Structures are given as structure tokens and as C-alpha cells.
Amino acid sequence: MISNTRHPNLVQLIGCCVESGNRMLIYEYLENNSLASALLGSKGKHVALDWPKRAAICLGTASGLAFLHEEAAPPIVHRDIKASNILIDENIRPKIGDFGLAKLFPENVTHLSTRVAGTVGYLAPEYALFGQLTKKADVYSFGVLVLEIISGRSSSKSAFGVDLLVLVEWVWKLKEEGRLLDIVDPELTEYPEAELLRFIKVALFCTQAAPTQRPNMKQVIEMLSKEVNLNEKLLTEPGVYRPHSSKRSSYGTLHKSSSAGKNGVQSVNPFATSTKFESFQSVTQMLPR
């Protein structure tokens with residue numbers, strides 16, 4: 001199954017070897033190691049990534065994920081999208097690797113109830129807390145990854161501010177304060193401000209608490225690759241999973257509602273069947289030609 005799953009943004013399986021108790025998978029060689037090493041690693045492994053390269057890594061990863069979700073048969077949910085599982089070739093093209101935790105989705109199945117696997121800092125809260133897996137768990141992890149690519153900071157290793165916020169919480173706080181550009185990696189000295197802000201907001205759409213409110217990966221590609229006005233009125237607070245806190249505070253089931261007034265709150269059912277956000281046009285407003 002893995003060897004037949006081919007896409008420019010997926011690491012290619014070359015073969016396998018089984019000898020006695022030793023079992024190995026042989027993959028293509030990627031010259032620039034992982035995104036975690038290139039972006040977050042030590043100086044010796046660090047790769048200079050300007051904004052065009054970072055934007056291309058976001059789009060390439062989104063393309064690979066969209067293929068797994070929408071074109072692979074049966075669809076594949078990766079379950080462990082993170083910087084160390086995005087490998088970089090000699091041309092700085094990203095390739096999704098490590099399918100060890102992947103799940104195949106049968107047709108006409110909305111979710112799987114499964115043992116939780118993945119990496120804290122990237123886990124969608126509804127999956128981490130209840131073990132109910134959908135493609136939107138990968139979408140959440142991708143949103144976290146985009147924020148890491150823009151900020152140059154690790155979601156699983158860093159805490160922000162006096163409240164020790166996780167990355168998505170910190171970004172949301174800065175959004176509320178109108179200071180989103182504060183997250184930008186100091187190494188990024190030149191970038192198109194409007195495009196970078198759009199990428200941040202797309203990441204926030206991907207990390208919303210309720211999975212039904214997150215876009216699918218095809219929508220994400222559209223949102224990242226085209227100049228669109230994101231309909232920010234539909235954007236709700238991110239969900240956050242903390243291993244040792246209560247389910248209520250971890251999941252963020254209460255958050256501001258655009259229809260409840262400035263100080264109103266709205267209870268969100270994370271497993272609602274609403275398809276309100278399944279239409280690309282409901283998430284974004286296309287600019288006229």
C-alpha cells in the first residue's frame with residue numbers, strides 16, 4: 001500500500017528487507033533531513049529558509065496531505081503530521097514521511113474510534129481526548145505546523161508568556177490583541193505582510209476547536225495559494241489538548257461566538273454533523289477577477 005502511494009510530496013518507499021528478526025523499510029534519501037532539523041535544529045543542521053521557501057513548504061505539505069485524504073484509495077489519515085516527519089530534498093521540496101501511525105479509512109465512514117497515537121503539541125483535542133479520528137485531525141496538525149514554519153518555534157517544546165501558553169493559544173491571543181506579526185521568526189527579515197498574515201489565519205482556521213469547522217485539505221490549498229479574503233467572522237478559538245488538565249479546559253468547548261454578542265459564549269459540539277464549513281466559499285470570500 002505504501003509503495004503504491006506515490007506523490008511528489010510523499011517520501012517514496014524503495015523496498016523492504018526482512019532477515020531473521022530484523023525488518024527494515026528503505027526510503028528514498030532526502031538531502032536536507034527533516035523540517036524540524038532545518039528549521040528548529042542546531043546551527044550545524046540549520047538551513048536558511050526565506051519566506052518563498054517556507055510558503056512552498058506549507059503548500060507542498062498541504063498538497064501531499066490532500067492526496068492522502070482525497071485521492072488515495074482507500075483514503076489515508078497520517079495521524080502524526082509534525083516537523084520531524086516532513087523531510088526536505090535538495091531543492092527544499094517537502095515530502096511527508098513516517099506512515100507508521102497511518103490509518104486507512106473505509107468508504108462511507110465518518111470517523112474511526114482508535115487508540116490515540118501521535119505527538120503532544122500537534123494532537124487535535126477531539127482525537128486526543130475521545131479517540132475519535134477523522135481527516136480533520138491531520139488538518140489540525142497541519143495548522144500547528146504552519147505556525148511553526150512561520151514562527152520558527154516548536155509547538156511541543158515552547159511555552160509563551162507568563163501563562164505558559166502553547167503555540168496556538170499564543171497566536172490566538174496575539175490575534176485578539178491585533179499583534180499577529182509578533183509571531184514571525186526574527187530570521188525572516190523580508191516577507192509580503194498580507195500573504196504571511198493570510199497563512200497565519202489559515203492555520204487558525206485549521207486549528208479551530210470543532211473539527212466540523214475546519215476546512216478540508218483541498219480548501220486549505222485554495223486558501224494558501226490564492227489571494228482570497230478570509231471570512232474571519234467564521235473563525236473561532238482554537239482547541240488545545242493538555243495531557244494533565246481537565247477535558248473542559250483542554251478542549252475549549254466554550255468560546256466566543258460571532259452571533260452571541262461581544263461577550264457571549266457558545267457551546268460547541270465537536271462531533272456535530274453540520275457541513276456548514278464544507279463549502280470553500282463559506283470559509284473564504286473570493287476576490288473578483
Side-chain angles (χ1 to χ4, degrees), residues 1-13 27-36 38-39 47 49-99 101-105 118 122 124 134-150 192 195-196 198-207 211 214-228 230 277-281 283-284 286:
M1 182 72 189
I2 296 174
S3 64
N4 288 329
T5 304
R6 296 174 180 266
H7 185 273
N9 297 113
L10 300 179
V11 176
Q12 182 59 47
L13 178 66
Y27 288 95
E28 64 176 311
Y29 177 68
L30 280 300
E31 290 81 358
N32 281 304
N33 209 312
S34 71
L35 178 59
L39 185 68
V47 176
L49 296 174
D50 59 14
W51 173 247
K53 290 176 182 176
R54 297 189 196 210
I57 289 171
C58 292
L59 277 164
T61 305
S63 180
L65 262 182
F67 176 84
L68 291 177
H69 288 180
E70 309 298 337
E71 298 181 44
I76 299 171
V77 176
H78 189 281
R79 289 208 294 173
D80 200 20
I81 293 296
K82 58 182 178 180
S84 60
N85 283 340
I86 309 301
L87 305 186
I88 309 294
D89 71 9
E90 61 181 342
N91 299 315
I92 316 296
R93 179 169 59 182
K95 298 197 176 194
I96 300 171
D98 195 353
F99 290 81
L101 299 179
K103 284 284 186 182
L104 306 182
F105 256 69
Y122 298 88
T134 70
K135 297 172 185 177
K136 298 299 181 72
D138 278 353
V139 174
Y140 181 96
S141 301
F142 174 79
V144 174
L145 180 70
V146 170
L147 295 179
E148 288 187 322
I149 291 170
I150 292 171
E195 182 180 44
L196 188 142
R198 177 160 51 85
F199 273 55
I200 297 173
K201 291 170 185 176
V202 171
L204 289 174
F205 271 107
C206 290
T207 55
R214 300 170 203 153
N216 62 44
M217 287 310 303
K218 283 191 174 181
Q219 292 170 342
V220 169
I221 292 173
E222 294 264 14
M223 295 158 75
L224 291 176
S225 59
K226 294 183 179 180
E227 286 193 18
V228 296
L230 299 176
F277 286 77
E278 291 304 314
S279 167
F280 171 67
Q281 291 291 346
V283 179
T284 64
M286 298 292 293

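Note that the coordinates shown come from a computational prediction; the quantities given were computed from them, not determined experimentally.
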Are Val47 and Ile88 close enough, and set up right, to give a side-chain contact (heavy atoms from CB on, under 4.5 Å), and what steps lead you there? CA-CA 10 Å; Val47 176; Ile88 309 294; over 6 Å; no
Set out, in order, the CA-CA distance, both residues' side-chain angles and the distance that settles side-chain contact (heavy atoms from CB on, under 4.5 Å) for Val77 and Thr134, then state yes or no. CA-CA 7 Å; Val77 176; Thr134 70; over 6 Å; no
Just do the side-chain contact (heavy atoms from CB on, under 4.5 Å) check on Ile149 and Leu49 with the steps written out, would you? CA-CA 9 Å; Ile149 291 170; Leu49 296 174; over 6 Å; no
Would Leu35 and Leu145 count as a side-chain contact (heavy atoms from CB on, under 4.5 Å) here? Give the steps. CA-CA 10 Å; Leu35 178 59; Leu145 180 70; 3.9 Å; yes
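Side-chain contact, Asn216 with His69: no donor N or O sits under 3.5 Å from an acceptor N or O.
Looking at Lys82, its side chain never comes within 3.5 Å of a backbone N or O of Tyr122 through a donor-acceptor pair. For the pair Asn32 (side chain) and Asp89 (backbone), a donor-acceptor distance under 3.5 Å is present. Side-chain atoms of Asp138 come within 3.5 Å of backbone N or O of Arg79 as a donor-acceptor pair. Checked by atom type and distance alone, the side chain of Glu28 pairs as donor or acceptor with a backbone atom of Gln12 at under 3.5 Å. Checking side-chain atoms of Arg93 against main-chain N and O of Asn9 turns up no donor-acceptor pair under 3.5 Å.
Considering all non-hydrogen atoms of both residues, Val139 and Cys206 come closest at O-CB, 3.4 Å. Here the shortest heavy-atom pairing between Ala83 and Ser34 reads O-CB, 4.0 Å. Between Ala203 and Gly143, the shortest heavy-atom distance links the atoms CB-O, 3.4 Å. For the residue pair Ile150 and Arg54, the shortest heavy atom distance occurs at O-NH1, 4.0 Å. Taking every heavy atom of both residues into account, Glu148 and Leu39 meet most closely at O-CD2, 3.4 Å. When all heavy atoms are compared, the tightest approach of Arg6 to Phe67 is O-CZ, 3.5 Å.
Of the options Thr61, Val11, Asp80, a side-chain contact (heavy atoms from CB on, under 4.5 Å) to Ile96 is made by Thr61 and by none of the others. Partner Val202 forms a side-chain contact (heavy atoms from CB on, under 4.5 Å) with one of Leu230, Val228, Ile221 and no other, that one being Leu230. Partner of Tyr27 under the side-chain contact (heavy atoms from CB on, under 4.5 Å) criterion, chosen from Leu13, Leu87, Asp98: Leu13.
Interatomic distance, CZ of Phe142 versus CE of Met217, reported as 4.5 Å (0.5 Å rounding). Here the CG atom belonging to Leu196 is positioned 4.5 Å from the CD1 atom belonging to Ile200, to the nearest 0.5 angstrom. In this structure, CG in Leu65 is found 11.5 Å from NZ in Lys135, a value given to the nearest 0.5 Å. Here the CD atom belonging to Glu195 is positioned 10.0 Å from the OG atom belonging to Ser225, to the nearest 0.5 angstrom. If you take CG on Leu59 and CZ on Phe199, they are separated by 5.0 Å, rounding to the nearest 0.5 Å.
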